[in-house]
Enquirer: 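Here it is, the structure, as structure tokens.
What's counted below: heavy atoms across the whole structure, side chains too, no hydrogens, waters or symmetry copies. Position 1 is the first residue of the sequence, and the numbers go up from there.
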Amino acid sequence: VRPNLRRFLAVDFLYIISLYGATNFISIYMQQIGGHGLFLSCVFIPGVIGETLVMRFSGAFSDRYGRRPVLAVSYLLLPFRLLIYSIALNPWWILGAQSLHGLNFGIVGAVAIAFVNDQADHHTRGSLQAQLSLVTAAAGAVGPAMMGWTSDHLGLPAMFQVAAALAFVA
């Protein structure tokens, strides 16, 4: 694996652990701060709508301005988004923070693949994309377990802060 790609995969691993490890607990946290009913399920809708809109253009922006600057928007935003969850006073704060998901996965979901493709040639493209998928899947499995353990021992607000710290490192 090329050094540039190795660093990126390590960063992606931490990013996905923090993003999806923490967001698995949003509905539980919303209940703790007064959310109920359909609001618990619908809190993900604004983020997904934003994600589809951002994803439509993030690849083109990365073609024009470079992969790293566009990825940096997503990487710099995530720690702050996770900190908003940790200080949320009511479910509406969660809805606002969750709306930022479009800038997180809407960018990373498209531009990470483009970044990996930039590291590849026509002989290695499939294997490098498979490495990205493997890292993403592994982080998607480790994140909820790690954040679940953290929330069991420190509480959900602290778990969001730990996830924010991991995102900051990423």
Side-chain angles (χ1 to χ4, degrees), residues 1-27 30 38-86 88 91-122 124-141 143-144 147 160 163-170:
V1 178
R2 294 168 175 86
N4 201 25
L5 182 62
R6 186 176 302 135
R7 281 189 298 271
F8 177 73
L9 293 175
V11 165
D12 184 66
F13 185 75
L14 291 176
Y15 182 88
I16 297 297
I17 282 176
S18 56
L19 175 62
Y20 287 110
T23 57
N24 275 304
F25 296 92
I26 288 175
S27 293
M30 283 185 66
L38 191 57
F39 193 34
L40 297 175
S41 299
C42 292
V43 73
F44 294 98
I45 292 173
V48 172
I49 291 170
E51 175 184 322
T52 58
L53 296 172
V54 170
M55 199 174 275
R56 178 156 165 69
F57 300 104
S58 63
F61 279 115
S62 76
D63 288 341
R64 184 170 182 176
Y65 300 108
R67 310 286 185 235
R68 288 186 177 118
V70 175
L71 285 167
V73 170
S74 180
Y75 281 65
L76 292 172
L77 175 66
L78 184 59
F80 296 106
R81 177 181 158 202
L82 293 168
L83 288 174
I84 291 170
Y85 293 133
S86 77
W92 291 101
W93 285 48
I94 303 292
L95 180 67
Q98 186 59 25
S99 298
L100 298 172
H101 180 72
L103 289 171
N104 288 132
F105 195 74
I107 292 172
V108 169
V111 180
I113 296 166
F115 183 86
V116 168
N117 284 340
D118 291 345
Q119 308 302 307
D121 57 35
H122 68 281
T124 60
R125 190 169 329 282
S127 64
L128 295 185
Q129 287 180 3
Q131 288 177 23
L132 175 63
S133 295
L134 175 66
V135 165
T136 301
M147 295 303 139
F160 286 113
L166 284 175
F168 180 77
V169 170

Enquirer: Which atom pair, heavy atoms only, marks the closest approach of Ala114 to Arg67?
Expert: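 Result for this residue pair: CB-NE, 3.5 Å.
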Enquirer: Might you confirm whether atom CZ of Phe39 has over 12 heavy atoms from other residues, nucleotides or ligands at distances under 6.0 Å?
Expert: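 Atom CZ in Phe39 is crowded, with more than 12 foreign heavy atoms closer than 6.0 Å.
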Enquirer: Locate the shortest heavy-atom distance separating Ala112 from Leu71; write the atom from each residue and the value.
Expert: N-CD2, 4.2 Å
Enquirer: How about Val108 and Tyr75: do any of their side-chain heavy atoms sit closer than 4.5 Å?
Expert: yes
Enquirer: Nearest 0.5 Å please: distance from the OG1 atom of Thr23 over to the CZ atom of Phe44.
Expert: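 Answer rounded to 0.5 Å: 6.5 Å.
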Enquirer: Flag the pair Pro46 / Leu95 as yes when at least one side-chain heavy-atom distance between them is below 4.5 Å, and no otherwise.
Expert: yes
Enquirer: What's the separation between atom CZ in Phe115 and atom CG in Asn4, rounded to the nearest 0.5 Å?
Expert: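 Output value for this atom pair is 4.0 Å.
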Enquirer: Within a radius of less than 6.0 Å around CZ of Phe61, do more than 12 heavy atoms belonging to other residues, nucleotides or ligands occur?
Expert: no
Enquirer: Can you name the side-chain contact (heavy atoms from CB on, under 4.5 Å) partners of Leu53, sequence neighbours left out?
Expert: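 Leu53: side-chain contact (heavy atoms from CB on, under 4.5 Å) contacts with Ile49.
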Enquirer: In Å, rounded to the nearest 0.5 Å, how long is the span from CD of Gln129 to CD1 of Ile113?
Expert: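 Gln129 CD to Ile113 CD1: 6.5 Å, rounded to 0.5 Å.
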Enquirer: Let me confirm one number: the OG1-CD distance from Thr124 to Gln119, rounded to the nearest 0.5 Å.
Expert: 9.5 Å
Enquirer: Decide if atom CZ of Arg125 counts as having more than 12 heavy atoms of other residues, nucleotides or ligands within a radius under 6.0 Å.
Expert: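 Result for CZ/Arg125: enclosed.
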Enquirer: Extract all donor-acceptor atom pairs below 3.5 Å that involve side chains of residues 9-22 and protein atoms in other chains or at least two apart in sequence.
Expert:
{"unit_1": "Asp12", "atom_1": "OD2", "unit_2": "Thr136", "atom_2": "OG1", "d": "3.1"}
{"unit_1": "Tyr15", "atom_1": "OH", "unit_2": "Ser74", "atom_2": "OG", "d": "2.5"}
{"unit_1": "Tyr15", "atom_1": "OH", "unit_2": "Asn104", "atom_2": "ND2", "d": "3.3"}
{"unit_1": "Ser18", "atom_1": "OG", "unit_2": "Leu14", "atom_2": "O", "d": "3.0"}
{"unit_1": "Ser18", "atom_1": "OG", "unit_2": "Tyr15", "atom_2": "O", "d": "2.9"}

Enquirer: Provide the closest heavy-atom pair for Glu51 versus Phe105 in the form atom of the first, atom of the second, distance.
Expert: OE2-CD2, 3.3 Å
Enquirer: Supply the atom-to-atom distance Ile94 CD1 to Ser99 OG, rounded to the nearest 0.5 angstrom.
Expert: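 The OG atom of Ser99 is 11.0 Å from CD1 of Ile94, to the nearest 0.5 Å.
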Enquirer: How about Leu100 and Phe80: do any of their side-chain heavy atoms sit closer than 4.5 Å?
Expert: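 Heavy-atom side-chain distance check fails, nothing below 4.5 Å.
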Enquirer: Got a sec, which residues hit side-chain contact (heavy atoms from CB on, under 4.5 Å) with Pro144, two or more places apart in sequence or on another chain?
Expert: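 Applying side-chain contact (heavy atoms from CB on, under 4.5 Å) to Pro144 gives Asn24.
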Enquirer: With rounding to the nearest 0.5 Å, note down the distance linking CG in Leu76 to CG in Leu103.
Expert: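 Answer rounded to 0.5 Å: 12.0 Å.
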Enquirer: Does Ser58 use its side chain to pair, donor to acceptor, with the backbone of Gly106 at less than 3.5 Å?
Expert: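 Yes, because the side chain of Ser58 sits within donor-acceptor range (under 3.5 Å) of the backbone of Gly106.
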Enquirer: If you look at every heavy atom in Pro91 and Met30, which pair is closest and at what distance?
Expert: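 Taking every non-hydrogen atom into account, CB-CE, 3.6 Å.
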